[in-house]
Structures are given as structure tokens and as C-alpha cells.
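All remarks here apply to the structure that follows.
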Amino acid sequence: VKRVLRKLALGGNLDEVLGMILDIAERESEGTIASILLVDKDGRRLFNSVKTRLPDYFVNAINGTPVKDEMGSCGTAAFRGEQVIINNIQSHPYWKGVKELIKKTGLNSCWSQPVISSAGGVVGTFALYHTEPRRPDSYELELMENMAQLASISLESHRIKKEKNILNKMLSNIINSMPSVLICFDPDGNVTNWNDEAQQKTGITPEQSIGQPIDQVFPLLAGDVGRLHQAMETQEVLSEQRQITEEDGDISHKHITIY
């Protein structure tokens, strides 16, 4: 479990992390084949999202399983939002629609645990298959719950990361679309953001400016480091109009706002 959480913290992609969860479950429960299915955005069907040791033809057959009562172990678990234990899927009515396919796989039992999000909705299922009819012992029941919870944490982390990337891109687009120079800096006066207009006015790229002292990369503010800190401490907007003499002798007016 710690290995999975470490992988998440280091930015491992979702497929890798979910694959690790399957590996852990199969090591902890001998003779098990583990599977994770995810609910689609409409909440109506389950789809395989990570490589499993189940036969490809079986995975293809269950891909798109409806979230519906009495629809296999996983469809039922996702619909009810509760654990479903079937110790003999070859004869169980929930599996009658794929009876011949089940015989071909040699699988006999399937235990499914819903993966519940932090908001309380079902986002997928975690399942353990066996080639012999059997019921889980107390350790295996706890294992299923833990692995489903770990899958939920992984999915939540991936969602947050994806939303953060979208928001960062949106913010970057807004900043770069501004017709004015916009520069952000940290409490030490080092640049943290440098928009397209700043690059156009100075010839300095964002890569060259990020992390550099603002008075060095933007000389117009060379005498304003104290005012930058004042604005931070007082949380008051400082604004002024300046008359600037350019190198060619022309006079220009600059409106500078620090907030």
C-alpha cells in the first residue's frame, strides 16, 4: 500500500497505479485474478481500464457491462453500491447471459467490491476471480475493501491532478492574452510568471525569467523592490503613472500597478 501511495505522490500515471493495486491483491490472495472496472461518465456502464490477467476475449465481452441489478457481480455491485459475493458464477443467475463464455474461461467465483468516491458515488468496481468455487475468508474480505479504497484514492488523485492541469492551462491562456505586461513574483522578489507581452517588451523568454530577481529581468522596476514588499505586507494596491525617457530620446508614459 505504501508503494502505491508513494507512486501517487511522485506523479505516477493512473494505469501504473491501478496495475500495482491488482498486483498487490494477487500476491495477497493466492490463486486470485484481480480486475478493476471503471464507471463511464454517464454512470451507466463499466469499462476495463487497466491490464489484467483475465483472458482478452473475456475482458472484451464484459467491457461495457451495464450498471444494473443482477448484471454479473460487478454490474450488480456498482448498481447497489455494496459488495457482491458469488461463489459459483457458472450456475448463478446473475451470469446467465455469458454462461458459455464462463465455461470457456474456467472461472468459478467472482467477488466484487464497489469503488466509492469521496463524494459517495460509485466510480468503479474491484473484483477477485478464482478458478474454483469458493467464498472469501475474513482476510480476503478486508483485502477487497482496502484495495477498493486504494483505487478510490488513486482515481481521486488523478481527477484532481487533471483538473489542476486544466485550470493552470486556462489561467496561463488568460494571462498571455492580456495586452499589458503581467509579471508575478514571490516574497523574495523572484519572478514566478512572465506573460507573452512581457517577453515581447523585453525580449526575455519565460524560461529565462522564471526564478530570477524581478529588478534584474525587468529594469523598469529596479527601484521598486521595496514597494513590492510594501504591497505584499499591506495588501493594498499601489498604482502610479510614470514618464519614461526612452533610449532614442522619446518620451513614453507607463502605468504601473502592484497588487
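Below, each value reflects all heavy atoms present in this structure, side chains not excepted, and no hydrogens, waters or symmetry copies.
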Rounded to the nearest 0.5 angstrom, the CG-CG distance for D23 and L18 is 11.0 Å
**Study point:** Minimum side-chain heavy-atom gap L155-L38 below 4.5 Å
**Key:** yes
Q) Taking atom CD of E163 as the centre, does the number of heavy atoms from other residues, nucleotides or ligands within less than 6.0 Å exceed 12? A) yes
For E70 and T76, the nearest pair of non-hydrogen atoms, with its separation, is N-OG1, 3.1 Å
For a 4.5 angstrom cut-off between non-hydrogen side-chain atoms, does F79 reach P114? no
- Query: Side chain of S154, backbone of L150: donor and acceptor closer than 3.5 Å?
  - Reply: yes
Do P187 and M232 have side chains that get closer than 4.5 Å, going by heavy atoms? yes
Nearest heavy-atom contact between S209 and V217 is CA-CG1, 4.3 Å
Output for pair (N60 CG, N48 CG), nearest 0.5 Å, gives 9.0 Å
Check: Taking the side chain from S29 and the backbone from A25, do they hold a donor-acceptor pair closer than 3.5 Å?
Finding: no
- [ ] Test side-chain contact (heavy atoms from CB on, under 4.5 Å) on V39 and V122 and set out the steps.
- [x] CA-CA 7 Å; V39 176; V122 176; 4.3 Å; yes
Whether N108 side chain and N88 backbone form a donor-acceptor pair below 3.5 Å: no
Can E240 and R227 be counted as an ion pair, charged N to O under 4.0 angstrom?
yes
Before accepting this row, confirm whether a basic side-chain N of the pair K104/E100 lies closer than 4.0 Å to the acidic partner's carboxylate O. no
task = Kindly determine whether E26 and T32 satisfy side chain to side chain donor-acceptor pair (under 3.5 Å), including the steps that lead there.
result = CA-CA 5 Å; E26 291 177 352; T32 290; over 6 Å; no
Would you confirm whether D188, through its side chain, and N190, through its main-chain N or O, come within 3.5 Å as a donor-acceptor pair? no
Quick one: does N193's side chain get under 4.5 Å of F185's, heavy atoms only? no
Closest non-hydrogen atoms of G203 and Q208, given as atom of the first, atom of the second and distance, are O-OE1, 4.1 Å
Same hydrophobic cluster for V59 and L107, using side-chain heavy-atom links shorter than 4.5 Å among ILVMFWY?
yes
Checklist entry - Could you go step by step and tell me if E145 and Q113 meet the side-chain contact (heavy atoms from CB on, under 4.5 Å) rule? => result CA-CA 7 Å; E145 292 175 358; Q113 179 80 29; 3.9 Å; yes
| Under the side-chain contact (heavy atoms from CB on, under 4.5 Å) criterion, do V67 and L46 qualify, and how do the steps go? | CA-CA 7 Å; V67 176; L46 292 165; 4.1 Å; yes
Quick note, ring-ring contact (aromatic ring centres under 6.0 Å, His included) partners involving residues 110-131, not counting sequence neighbours, are F58-Y129, W111-H130
> Is the backbone of F47 close enough, under 3.5 Å, to the side chain of N63 for a donor and an acceptor to pair up by distance?
Replying inline: no
query = Any link between V115 and L14 through a network of hydrophobic side chains (Ile, Leu, Val, Met, Phe, Trp, Tyr) touching at under 4.5 Å?
reply = yes
So CG of N146 and CD1 of I21: to nearest 0.5 Å the spacing works out to 11.0 Å
Could you check whether atom CD of Q90 has more than 12 heavy atoms from other residues, nucleotides or ligands sitting under 6.0 Å from it?
yes
From CA spacing to verdict: side-chain contact (heavy atoms from CB on, under 4.5 Å), L141, Q83: CA-CA 9 Å; L141 288 173; Q83 190 180 81; 3.3 Å; yes
Tightest non-hydrogen contact, residues S35 and L22, listed as N-CD2, 3.7 Å
### Side-chain ion pair, K51 and D56, N-O less than 4.0 Å
yes
All heavy atoms of S118 vs all of E156, minimum pair found to be OG-OE2, 2.6 Å
request  = Give the cluster check for I86 versus M147: same hydrophobic cluster or not, with ILVMFWY residues linked at side-chain heavy-atom distances below 4.5 Å.
outcome  = no
Note: with side-chain heavy atoms under 4.5 Å as the link, the other cluster members for M170 come out as L171, I174, I175, M178, L182, V237, Y259
Does any N or O in the side chain of S49 come within less than 3.5 Å of the main-chain N or O of D15, such that one atom is a donor and the other an acceptor? no
Problem - Path from I258 to V191 over hydrophobic side-chain contacts below 4.5 Å - result: yes
Separation between CE (M144) and CD (E140), nearest 0.5 Å, reads 9.0 Å
CG of N13 to NZ of K161, rounded to nearest 0.5 Å, is 8.0 Å
Separation between CG (N173) and OG (S177), nearest 0.5 Å, reads 7.5 Å
For atom CZ of R44, is the number of surrounding heavy atoms from other residues, nucleotides or ligands below 6.0 Å larger than 12? no
**Request:** Check whether any side-chain heavy atom of S172 sits under 4.5 Å from a side-chain heavy atom of N176, and report yes or no.
**Result:** yes
* Tell me whether I24 is reachable from L128 by hopping between hydrophobic residues (I, L, V, M, F, W, Y) whose side-chain heavy atoms are closer than 4.5 Å. => yes
Indicate yes or no for a side-chain donor-acceptor contact from N87 to the backbone of P136 under 3.5 Å, with no hydrogens or angles considered. no
So, does T202 use its side chain to make a donor-acceptor pair with the main chain of A198 at under 3.5 Å? yes
Note to self: Looking at Q235, I want to see if its CD is surrounded by more than 12 non-hydrogen atoms of other residues, nucleotides or ligands under 6.0 Å.
What the structure shows: no
Got L228 and I214 here, is their nearest side-chain heavy-atom distance under 4.5 Å?
yes
Is it the case that the side chains of W194 and T205 hold a donor-acceptor pair, with the cut-off being a distance below 3.5 Å and no angle test? no
Heavy-atom nearest pair, P133 first then S109, reads CA-CB, 4.5 Å
